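Comments concern the structure below.
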Amino acid sequence: MPIRRRRHDEEPDNNLDVAREQADAVETDDAPAGGAGDATGPWDVADAFPELDRLDFGSLRIPVGPGLGFQVNFEATEVDAQGNPVNGRPVAVLVQHAESVLQIQAFAAPKRSGIWDEIRRETATEITEQAQGQAEDRPGPFGTELLAMVPAQLTQEMLNEMPPEVREQIPQEVIDQGYAWQPVRFIGVDGPRWFLQGVVQGAAVEDEEQWQVLEDVFRNIVVVRGEQPMPPRELLPLSLPKEFTEAAQQAQEGEGEGGETFDPFERGPEITEVR
């Protein structure tokens with residue numbers, strides 16, 4: 001999925017680099033099982049978490065920092081007669097850094113038990129049996145995570161769109177087979193009545209420097225579960241931050257003279273579609 005980067009013009013007053021030092025002073029006597037809420041996050045909104053500049057997506061508050069780009073994935077909830085999406089809801093937040101992307105989602109979970117172990121097993125089964133890929137558990141900074149290798153389609157159209165220097169690096173045998181192996185990293189944290197999942201793609205799967213930036217983002221997320229009853233695994237509702245709605249309004253005003261309106265399913269600087 002192509003992701004376009006949007007960088008912030010100004011550095012925030014509080015940088016992610018100081019988050020760990022701030023977290024050392026947080027009391028954790030009542031930290032829930034599963035790792036969430038401990039001195040390293042991710043955090044529940046009821047925790048005493050480090051103060052950082054964060055974008056408010058409703059159920060997720062995600063820290064910002066230099067070099068980070070943010071987009072939202074939408075799921076169509078209504079289509080027109082031709083099958084084109086005309087209405088939808090936000091279902092995931094994408095954070096981009098350099099050549100890496102972190103997809104973030106939060107779900108409802110049972111009050112007294114986590115769901116990451118079960119979801120991880122199901123994900124591994126889907127990858128190995130349905131996608132004909134490979135998957136294995138491994139230890140990570142947030143506990144057990146899943147490292148997968150999945151076959152990614154490589155069409156002639158995609159090859160034609162690649163820059164020549166990138167195209168030349170692909171072995172001919174990979175081109176002939178029509179797909180390339182793509183590494184994907186699945187991270188999960190069980191919190192109080194919520195489950196937070198991160199999916200990492202790109203260089204950060206293996207590049208420690210890029211991964212460190214995304215790890216700090218994930219570690220400093222604040223989850224707002226809310227008090228409403230929800231069945232386990234139901235997606236926690238997301239909303240667009242004011243920074244996103246302001247950009248959408250500017251785009252709509254800029255195209256108003258031509259009679260067009262802003263469409264969240266059209267690719268733009270901050271919002272992208274799900275197909």
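Just so it is clear, the model here is predicted, and its values are computed rather than measured.
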Checking side chain to side chain contact (heavy atoms under 4.5 Å, CB included) for the pair R61/V224: CA distance, chi angles, key distance, verdict? CA-CA 8 Å; R61 299 176 186 173; V224 184; 3.7 Å; yes

Evaluation steps, side chain to side chain contact (heavy atoms under 4.5 Å, CB included), between R54 and F49: CA-CA 12 Å; R54 294 177 171 90; F49 48 82; 3.8 Å; yes

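In R112, the CZ atom is not crowded: 12 or fewer heavy atoms of neighbouring residues, nucleotides or ligands sit closer than 6.0 Å. The 12-atom threshold is not exceeded at CD of E157, counting heavy atoms of other residues, nucleotides or ligands nearer than 6.0 Å. Counted within 6.0 Å of CD on Q177, heavy atoms from surrounding residues, nucleotides or ligands total more than 12; the atom is thus considered enclosed.
For the residue pair T77 / R89, no side-chain donor-acceptor distance below 3.5 Å is found, with atom types taken as modelled. Counting only N and O atoms by type, the side chains of Q96 and Q71 include no donor and acceptor under 3.5 Å apart.
Under the 3.5 Å distance criterion, the side-chain polar atoms of N220 are matched with a main-chain donor or acceptor of D216. Within the 3.5 Å criterion, the main-chain N or O of T125 finds a donor-acceptor partner in the side chain of T128. The backbone N or O of A92 lies less than 3.5 Å from no partner atom in the side chain of N73, so there is not a single donor-acceptor pair. Q105 places a side-chain N or O within 3.5 Å of a backbone atom of V91 that can act as its donor or acceptor partner. Side chain of S59 to main chain of P237: a donor-acceptor pair is present (N/O by atom type, distance under 3.5 Å, no hydrogens or angles). A side-chain donor-acceptor contact under 3.5 Å links D190 to the backbone of I115.
The six-membered or imidazole ring of W116 lies near that of F195, with a centre-to-centre distance under 6.0 Å.
W181 is not listed as a side-chain neighbour of V150, based on a closest heavy-atom distance of 4.5 Å or more. With contacts defined as side-chain heavy-atom distances shorter than 4.5 Å, the pair L238/V72 does not qualify. Residues R120 and T123 form no side-chain contact, since every pair of their non-hydrogen atoms from C-beta on lies 4.5 Å or further apart. Looking at I127 and Q134, their side chains never come closer than 4.5 Å, going by heavy atoms from C-beta outward. The side-chain heavy atoms of V223 and V45, taken from C-beta on, include no pair separated by under 4.5 Å. In this structure the side chain of R219 never reaches within 4.5 angstrom of the side chain of P63, judged on heavy atoms. Side-chain contact check for F218 versus L196: some heavy-atom pair is nearer than 4.5 Å.
Between the CD atom of E209 and the CG atom of L214 there is a distance of 11.5 Å, given to the nearest 0.5 Å. Rounded to the nearest 0.5 Å, atoms CZ (R193) and OG (S113) are 12.5 Å apart. How far CG of N160 is from CD of Q156: 4.5 Å, rounded to the nearest 0.5 Å. Here M149 contributes atom CE and Q132 contributes atom CD; the two are 15.0 Å apart, rounded to the nearest 0.5 Å. Distance check: Q197 CD to L146 CG gives 9.5 Å after rounding to the nearest 0.5 Å. Within the model, atoms CZ of F70 and CD of E243 stand 10.0 Å from one another, a figure rounded to the nearest 0.5 Å.
Using a 4.0 Å cut-off between charged nitrogen and carboxylate oxygen, D44 and R225 do not count as a salt-bridge pair. In this structure, R121 does not pair ionically with E126, as no charged nitrogen and carboxylate oxygen lie closer than 4.0 Å. With respect to the salt-bridge test (charged N to carboxylate O, under 4.0 angstrom), the residues R185 and E206 do not qualify.
Between H97 and the choices V213, L102, V217, the side-chain contact (heavy atoms from CB on, under 4.5 Å) rule is met once, by V213.
When all heavy atoms are compared, the tightest approach of E99 to Q210 is OE1-NE2, 2.7 Å. Residues V205 and V200 approach most closely at CG2-O, 3.5 Å, considering heavy atoms. When all heavy atoms of W211 and P141 are compared, the closest pair comes out as CZ2-CG, 3.8 Å. Closest non-hydrogen pair, A108 versus M230, comes out as CB-CB, 3.8 Å. Across all their heavy atoms, W43 and P50 have their closest contact at CZ2-CD, 3.3 Å. For the residue pair S100 and A203, the shortest heavy atom distance occurs at OG-N, 3.5 Å.
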